Every structure is written in structure tokens, then in C-alpha cells.
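Worksheet for the structure shown next.
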Amino acid sequence: MREGIHPAYRPVVFRDRAAGHAFLTRSTMTSGKAIEWEDGHTYPVVDVEISDVSHPFYTGNARVLDTAGRVERFERRYGKREGR
């Protein structure tokens, strides 16, 4: 790698605001905030809205959309197609 053209790659804590979960990983992200981690060191912290701990796909709490209700509402508003 060429020197001086790449951002610093260092340990960063990502904190899920929805679930209160945090994890330490390496990243080029920057932040003005810092947090003291379990190992006693201080790392920059990046707050995220959602992660694998709170995302409905991973937690199994996915919402099912009422597609039948949407179709009926569309047909009431615009009418049914002829021949169906």
C-alpha cells in the first residue's frame, strides 16, 4: 500500500442505540465521541440505529404486510380490471 493515501484503520466501538448493544471491531470510521471499553482502553464510538441484535430479519420479529387489504383498497379506489 502507498503511504499517506489511506485512512487510519483502528479499533472502533459500534453501539446499537435501539438495543443498547455494543461491539468492538476495526474500522476507518471516525467519531468525536469516545468510550471506555471492557479492556480498560478508550476507543472512538459510533452510534448506529440498527444492528444484527435489533434488526427484524435477524431477531425473527419481522412484520408481515397486509397485502390483501392493500389490493382491496386499490380496487375500491381505481376499480377492478375487466375479465378478472
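Both backbone and side-chain heavy atoms feed into the values below; hydrogens, waters and symmetry mates do not. Starting from 1, each residue takes its place in the sequence as its number. Computed from a prediction, not measured in an experiment: that's the story for all the values here.
With R15 as reference, D47 is the one residue of D47, V48, V46 to meet the side chain to side chain contact (heavy atoms under 4.5 Å, CB included) rule.
The two residues R26 and P11 come nearest to each other via the heavy atoms NH1-CD, 3.7 Å. Listed here is the closest heavy atom pair of V13 and A22: CG1-CB, 4.0 Å. Pairing each heavy atom of M29 with each of F14, the nearest pair is CG-CZ, 3.9 Å.
Linking Ile, Leu, Val, Met, Phe, Trp and Tyr residues whenever their side-chain heavy atoms come within less than 4.5 Å places V45 and Y43 in a single cluster. I35 and L24 end up in the same hydrophobic cluster when Ile, Leu, Val, Met, Phe, Trp and Tyr side chains are linked at under 4.5 Å.
Under the side-chain hydrogen bond (donor to acceptor under 3.5 Å, both in side chains) criterion, R10 pairs with no residue at all, not counting sequence neighbours.
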